[in-house]
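Here the structure comes first, spelled out in C-alpha cells, and everything after it is commentary.
Keep in mind the model is a prediction, meaning the values are calculated, not measured.
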Amino acid sequence: MEKIAYIVPSETMIPAVEEILADDVKRGVVVVQTVDVYRSAAEYRRLAADGYGVIIARGGIYTDLVAVSDSVHVMEEKIRTSDILYMLTSVRETYRGKIYVVLREHVAKKFEGAVSLFDFPLEVRRYTDLESLKRQLESIPEQGVVVLSSGVASMLCDREDLTMVELMNRDTTIRETVRVAKEFLTQLAESAKRVNVLESILNNVDEGLIIFDREYRIREVNSKAEELLAQSAENLLAADVRKVIPNMPARRMTDICEAAPRSFVRKLDRAMLSFTIHPFQFYKSEKRYLTTVQDVTKIQELEHTIRMKLAQKGLVASYHFDDIKTEDAAMKALIKRARTIADFEGSVLIYGENGTGKELFAQSIHNASRRREGPFVAVNCAALSESLLESELFGYVAGAFTGARSEGKAGLFELAHQGTIFLDEINSMPMGLQAKILRVIEQQEVMRVGSDYVIPLDVRIIAASNGNLTRSIRENQFRKDLFFRLNTFQLNIPQVKERKGDIVPLFKYYLAELRGCRAEEILLSPSFEEELLAHHWLGNVREIKSAALRYHAFDGDNSCGEIIQNGQADEGLVDEELKIDLGQLNKVVETMVIESLLAKGTSKNDVAKALGISRQALYKKLHREE
C-alpha cells in the first residue's frame, strides 16, 4: 500500500499523533509531519514526489493544499464539534477563566450552535486565512486568557500574555480518518488494476472501439480506432461521431439504435470499414454507445481462414485437367480452351448433357486458376425447393424464419469467398432467385435472409446447364441479363456418341480402376467392343462407368445383357432432335405419349426436349389431373 502523509500544524503535535497511530507509523504506512504553511504549492509537489498516495490535512492547511492538488488526493480531517467539546472539557479541568475559541469560519459556524451548552465565559471568533487569524488573536482584549485554536496560532501571534492551547482531534477521530484513507488507497489500487486491465484490453484487441454519448460526442477511443480511422485521439475526442464516420444511416441513428446493435459498412479513403453500434447503460439513466470498427479486409481474411477449414471438410475441388481422359481431338481442343479460360477472371457457362463431365471441367478450371487455394462450392439448383435454395445460397440470420438456427447460418456464396461456386443445372433455377444471383454477380456482395446489411464477396461463378438457355429465355423461363452475365466464357461438352473414339478407352480406364491395373492391360473381345460402339450411351460417361462396374461384377459375361443391351433396350427411345406437335393431339393422346416415353426409360429432360417444352411445363402436364 502507498504511504499516507498525515499533516499536523506544529512539531509539538507529531509525538502525540504518532503514539495514536503507532502500528501504522511503525510499518511505514503513515508518516506524521508538518508543512510550510506559506509554501503550499511547493510542499504539495514535495509530498507527491515522495510517493505519498494520500495527504491528510485539516483547516487552512487542507484548504491550501487541495487548491493546488492534481495527482495525489488530499483528504480533509474534519474538526468535529465533539472534538472541540472534548478539548474544552479538558482545559476546563485546570482553568476557570474565560476561554476564546478561534476557528476556521466553516468550523465555527457548526460549533456556535453548541456555545449555549456551557456555563462559563466562552467566546468564538472566526478566521478565513492566516492573516485574519493573526488579527483575531492580536485583538483579544483580555490578558492571561486561554485561546483554543489551530497549532499555527502560536507561530503567528507574538503575545506572551495569552495561553495557546493547540486544538487536537480525539484519538478516535484520528484513527477513523486514517482508516478511511487506507480504504481509499485500497479502492484506488483496485480501480487502477481494473483500469490497467481495461486499457490493456482496449488497446490490444483487433477491433477499433469508439464510445460516444447521446449528443454524438466521442468520449473514448482506443489505439486501434486511431489506426483504422487514421486520426489521433486528440482529434477524435469530443468530435461529432457523424463527421468522423461519414453517411451514418439515418434510420439507424434514430434514437441511436436503442433496441439492438446495428451494423453497416463504409469506405474511408481506400479502406473498407465495418461499423457496429452497441447501446449500453453508462451511469444511472445516462446511455452511451460503443461502436466497434473492423477492417473488412481483416474480416475477410479471418473468414477465409474459417472457410479454408471448412474446405478441408469437403469444400474442395478434387479434379484437374489431367483427370479428363480423352483421345478425341475436339475434346482435347476443348480442354485447351478451358485451360486458357482458367487464367482469366470471369463467369463461365458450361453446356452439356447429364453425365458428360460438367463438374469435372468446373473443378479443373478452379484448380488451374489463381483461386486454387480457395474453396470450391458446388450446388445443384434442381435438387432444392426455391425457399430452401435461397437460404442455402445466401444464408440467414438468427430468427429469419421458423426452424432457422439460433445462431444463423452462412450461405454457400459466403463459404465460396475467394474461391469458386459451381451452380449446376442453373436452367432449373426459379426466376425469383435468378434476380438475386444477378445482383450478387454485379455487386459482388450478398445479403443473408432476414438481414439488413450486405457482406462483400470475392467469388467466381461457374454455371452449368443441361438445357438450351436461349430457348428458356424465349419461353420466359430464364433472365436474359443473367445469361449474359454468366456467358462471359462458354464451353460446350459433347456427348459420348459424338466422340466415338473415347468410348472403348473410357470403358477400359474405369474397368482398370476396378481391377487395380493399367488400362493398357485390359483386353476386350472385338465383338464386345462393337457392342460398346453400337450402344447409344444416353447417360454419357456416367453410363460407361456403370457399365464397367457391371462388366467387372459379371466377369465380362454379357450373354443375357447384364452389361449392355443394344437394340431392344434402345428401341423406342426418342432422339433428341425429334419434334412432336402437341397441338395436333388431344390431351389424352398427349398424356399417353408422355407416359410411354417415360416408361421406356427416357429421362424427363429428354422427354421435355423432344416435345419442345420446358421441364417445368412437362411437370405441369404430368400433374394436371391431380
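- Looking only at distances, a side-chain donor or acceptor of N222 sits under 3.5 Å from a matching main-chain atom of L209.
- A donor-acceptor pair is defined here as one N or O able to donate and one able to accept, closer than 3.5 Å; no such pair exists between the side chain of N367 and the backbone of S364.
- Under the 4.5 Å side-chain criterion, counting only non-hydrogen atoms from C-beta, Y510 is not in contact with I522.
- Considering only heavy atoms from C-beta on, F422 stays 4.5 Å or farther from I461 through its side chain.
- Here ring-ring contact (aromatic ring centres under 6.0 Å, His included) pairs that include residues 334-369, with residues two or more places apart or in two chains, are H366-F376.
- Side-chain contact, N354 with N540: no donor N or O sits under 3.5 Å from an acceptor N or O.
- The shortest distance between side-chain heavy atoms of V496 and H535 does not fall below 4.5 Å.
- Annotation for L506 and V541: closest pair CD1-CG2, 4.1 Å, computed over non-hydrogen atoms.
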Original post:
Is there a salt bridge (Lys or Arg N to Asp or Glu O under 4.0 Å) between E392 and K409 once you walk through the steps?
Top reply: CA-CA 9 Å; E392 286 295 313; K409 181 182 178 182; 2.9 Å; yes

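- Nearest heavy-atom pair, V449 versus S391, reported as atom, atom and distance to 0.1 Å: CG2-CA, 4.3 Å.
- Judged purely by atom type and a 3.5 angstrom limit, E425 has no side-chain atom pairing as donor or acceptor with the backbone of N466.
- For E543 (side chain) and L538 (main-chain N/O), a donor-acceptor pair under 3.5 Å exists by modelled atom type.
- The main-chain N or O of R542 is found under 3.5 Å from a side-chain atom of S546 such that the two form a donor-acceptor pair.
- The local environment of NZ in K545 is sparse, with at most 12 non-hydrogen atoms from other residues, nucleotides or ligands closer than 6.0 Å.
- Under a 3.5 Å cut-off, the side chain of W537 and the backbone N or O of L532 do form a donor-acceptor pair.
- Every ring pair (Phe, Tyr, Trp, His ring centres under 6.0 Å) that F275 has, sequence neighbours left out, goes to F264.
- Panel note: side chain Q444, backbone V459; a donor-acceptor pair is recorded below 3.5 Å.
- Judged purely by atom type and a 3.5 angstrom limit, D481 has no side-chain atom pairing as donor or acceptor with the backbone of A435.
- Here CD1 of I426 is found 11.5 Å from CD1 of I350. Values are rounded to the nearest 0.5 Å.
- Without hydrogens or angle criteria, K500 side chain to L533 main chain gives a donor-acceptor distance under 3.5 Å.
- Remark: R370 pairs with E345, D458 by the side-chain contact (heavy atoms from CB on, under 4.5 Å) rule, at least two apart or across chains.
- Side-chain atoms of M331 and I493, non-hydrogen and from C-beta on, do get closer than 4.5 Å to each other.
- Residue pairs meeting the side-chain hydrogen bond (donor to acceptor under 3.5 Å, both in side chains) criterion with at least one partner in residues 334-343, sequence neighbours excluded, are D322-R339.
- Every pair passing ring-ring contact (aromatic ring centres under 6.0 Å, His included) that includes a residue from residues 457-509 is listed here, sequence neighbours excluded: F507-F528, F507-Y551.
- Listed by first then second residue, pairs satisfying salt bridge (Lys or Arg N to Asp or Glu O under 4.0 Å) with a partner in residues 549-559 number zero, not counting sequence neighbours.
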Original post:
For E227 and K224, what are the C-alpha separation, side-chain angles and deciding distance, and is it a salt bridge (Lys or Arg N to Asp or Glu O under 4.0 Å)?
Top reply: CA-CA 5 Å; E227 176 189 332; K224 189 65 178 180; 3.4 Å; yes

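- Checked by atom type and distance alone, the side chain of K358 pairs as donor or acceptor with a backbone atom of G352 at under 3.5 Å.
- Counting heavy atoms from C-beta on, the side chains of I210 and L229 come closer than 4.5 Å.
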